[in-house]
Protein chains: 2
Amino acid sequence: MTTIKDIAKAAGVSVTTVSRALNGYSDVNEKTREKIIAVSKELNYSPNILARGLVMNKSKTIGLLVSGMTRQSLKDNLTFEVLCGINQFSAETDYDLILFSTDSTKQREKTYSQLCRERQVDGVIIQGIRTDDPYLQEVLESDIPCVLIDIPIESETVGCVTTDNVLGAKEAVNHLLSLGHQNIAMVNGHDFAFVSQKRLEGYKLALQEKNIPYRAEWVVNGAFREEQAEYEVYGLLERNPEITAIFCASDVMAIGAIKAIKTRGLSIPEQISIVGYDDILLATYITPALTTMAQDIYKMGYEAAKLLVKMLENKAESHQKLLETQLIIRESTTRYNS
Amino acid sequence: MTTIKDIAKAAGVSVTTVSRALNGYSDVNEKTREKIIAVSKELNYSPNILARGLVMNKSKTIGLLVSGMTRQSLKDNLTFEVLCGINQFSAETDYDLILFSTDSTKQREKTYSQLCRERQVDGVIIQGIRTDDPYLQEVLESDIPCVLIDIPIESETVGCVTTDNVLGAKEAVNHLLSLGHQNIAMVNGHDFAFVSQKRLEGYKLALQEKNIPYRAEWVVNGAFREEQAEYEVYGLLERNPEITAIFCASDVMAIGAIKAIKTRGLSIPEQISIVGYDDILLATYITPALTTMAQDIYKMGYEAAKLLVKMLENKAESHQKLLETQLIIRESTTRYNS
DNA sequence: TTGAAAGCGCTAACAA
DNA sequence: TTGTTAGCGCTTTCAA
């Protein structure tokens, strides 16, 4: 392995000079610099980033704390899309990504800041964390720069990339209202997701503006899982046959809802309209194709990395990035006819 | 940040003793060890892995070189499944994963071994690399332990996880043959994928065993892309209306093929039967549901990580792991009737 | 414009 | 059983 010493020896200078030459300092004779560069090319030299990190106290790595890298979560590849976006941005910089393989077991034995300090990450991006997750509290207390995805918290060291979930949900429900639906149910995720809280808010708001009373028994939790949503919607429709439309807080749950509706012998969209949330890949491929509130998940990842790097370089004016959502109308919604 | 020095001072011993105590060496007085452990718990100490790596010359990290972390490749989340598998295994160990964000630009400016040495990775897993990729040659020349996914190369330092692609393809085609099909076309990936070469072999073999002549003009390349496959199949069917079944070397291409067939006004499976390869998530959700040769991609990732770690610990008896494939019969294939 | 020396946090000979 | 010392590869004062 070629080290800086080898270069110094081969070029007949000191390691100090090599370091300075290679890092672009001005106080190096151009002749010397050229020589050093030539030698290090020849010897295929590449600095040891770990050693550099040790002395500089930064590592040019971004830590990734994602829950949902499990087999089950392959369905909505939200996690993967975020990852792709982050990867794309970091490919444009000299940061590398380190994936903390943390399952629930490890979480208990290693604290967040331990994880980060061990690997000396410069900053962290967190995705898929629940509001009751112990890590979340640690993040806020820690001084390691961090960007949260879809959790609207900001501080000196914490930034956030998200969308306006209240608005998104509201517009999704408005779409159903504009089609003449009045009896609109909702399948939400769970209480420990910020987005669920916000989307419920948007649902209520849309109804309220039309003076339609909110009925708590028409809102069920599907835990963002297809099977759970299917089960819940099946019961929901049994108890409330007057429902003509359902707003689902995720596409995966919408797919579960569709299954339940089909099982009950109802047709989509003729008898029941469905709106999802996310616009995952499956949304376009299932039958009927899903009307949904699209989020640009890839971009969320990209912007999260961008924001974090800005924060690391003290160039961030704002610690919040709000992305747009967009209603995509496909085949699962239609006008209500009594 | 708590360092080993802080612990030493607080515990009233030398750093050496702290190091030994924490690393479980036997030549430490149990009283001293307890004291040290207590202190380091109290101070929330966690060793700096980078510093340790510098002196031990290993970093407890596995490098991941994946191509296909791009926006386009979200469709088949093969890359993601592999990643999940790797992540799962590494979560069971104390290895962390480092993702090399390498796009084609970076590839040219940094060599494989530079990438690895910079970050001092102990070993590498490579996925999605082409046979004509310059990195592949470097991998073989380098002495860094490496596991390749779906590229059957072995050496002192190189291992491989794959399936029997010849057999898989052969069985897929046999399925069509057993349904009475004779005019079976194939949509392959591209010439620079090992799996494509092997699957073509399997296709030929199956035909040969039934004494059906191989017709090169019935094999098209879809580059593993949906649109490309759609385009190619459209032309293929135009030129050869006698084709009654198509074997596709990937599900994504099978989906493209299905689109082309529908566009031509033909029905699946009544007029054309389709067999895919991979069993991606979409395969079950599209209409008609896709008959396909299933690979356990997740397991490939898991086994790749397992093999690599074994190699790193010199416990690997074999450098090759062969996984099973399995034909999943769904709705896209049926008996040929003239 | 250059080099010597110190030190980042850690482990490992060697001595005591 | 413990401590002293050296050193991993690098950057950075400080002096020359």
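The figures here come from the full heavy-atom set of this structure, side chains too, leaving out hydrogens, waters and symmetry mates. So that the names make sense, note that chain A is the first sequence line, chain B the second, and so on, each numbered from 1.
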- request: Take atom NZ of A:Lys31 and atom P of C:dT1, then tell me their distance rounded to the nearest Å.
  value: 13 Å
message: Under 4.0 Å from OP1 or OP2 of C:dG3: is there any side-chain N or O of A:Ser14 that close?
response: yes
- prompt: With a non-hydrogen cut-off below 4.0 angstrom, is B:Asp27 in contact with a base, only sugar-phosphate, or nothing?
  reply: base
field: Any side-chain donor near an acceptor of the partner, B:Gln197 and B:Asp191, under 3.5 Å
entry: no
Integer-rounded Å distance: D:dT13 P and A:Asn57 CG: 14 Å
message: At less than 4.0 Å, is any side-chain N or O atom of B:Tyr25 found next to OP1 or OP2 of C:dA12? Yes or no.
response: yes
statement: Comparing B:Val13 with A:Asn48, nearest DNA chain D nucleotide closer to 5' gives the residue B:Val13
message: Output the rounded distance in Å from CG (A:Leu50) to P (D:dT11).
response: 13 Å
query: Using a cut-off of less than 4.0 Å, is there contact between a side-chain N or O of B:Ser19 and OP1 or OP2 of C:dT11?
result: yes
field: B:Tyr45 vs C:dC10: side-chain N/O to OP1/OP2 distance below 4.0 Å
entry: yes
task: Decide yes or no, distance alone: a donor-acceptor N/O pair under 3.5 angstrom between the base of C:dT2 and the side-chain of A:Thr32.
output: no
- prompt: Using 4.0 Å as the upper bound for N to carboxylate O, is an ion pair formed by A:Lys58 and A:Asp122?
  reply: no
- prompt: Would you call B:Lys31 and B:Glu34 a salt bridge, taking side-chain N to carboxylate O under 4.0 Å as the test?
  reply: no
task: Assign B:Asn23 to base, sugar-phosphate, or nothing according to its heavy-atom contacts below 4.0 angstrom with the strands shown.
output: sugar-phosphate
query: Ignoring hydrogens and angles, are the base of C:dG9 and the side chain of A:Arg117 linked by a donor-acceptor pair under 3.5 Å?
result: no
query: For D:dC8, does either OP1 or OP2 sit under 4.0 Å from a side-chain N or O belonging to A:Lys5?
result: yes
task: Measure from the side-chain heavy atoms of A:Ile4 and tell me the nearest of C:dT2, D:dG7, D:dT11.
output: D:dT11
task: Take atom CG of B:Leu54 and atom P of C:dG7, then tell me their distance rounded to the nearest Å.
output: 17 Å
A:Thr17 and A:Ser14: side chain donor to acceptor below 3.5 Å: yes
- prompt: Angle class for the A:Phe80/B:Phe80 ring planes (parallel below 30°, perpendicular above 60°, tilted otherwise)?
  reply: parallel
query: Do the rings of B:Phe192 and B:His190 sit parallel, tilted or perpendicular, given the 30° and 60° boundaries?
result: tilted
Euclidean distance, atom CZ of residue B:Arg52 to atom C1' of C:dC8 [Å, nearest integer]: 16 Å
Whole-Å gap separating P (C:dC10) and CD (B:Gln120): 16 Å
message: Quick check for you: among C:dT1, C:dG3, D:dC10, whose closest atom lies nearest to any side-chain atom of A:Asn29?
response: C:dT1
- request: Rounded off to whole Å, could you give me the NZ-to-P distance for the B:Lys58 and C:dT11 pair?
  value: 11 Å
field: Atom-pair distance (CD1 on B:Ile36; C1' on D:dT2), nearest Å
entry: 10 Å
message: When you measure only distances, ignoring hydrogens and angles, does the side chain of A:Thr16 come within 3.5 Å of the base of D:dT12 through a donor and an acceptor?
response: yes
- request: Nearest-nucleotide wise, let me know which of A:Ala51 and B:Arg20 is further upstream toward the 5' end of DNA chain D.
  value: B:Arg20
statement: With the side chain defined as heavy atoms from C-beta on, B:Val55 is closest, among C:dC8, D:dC8, C:dT2, to D:dC8
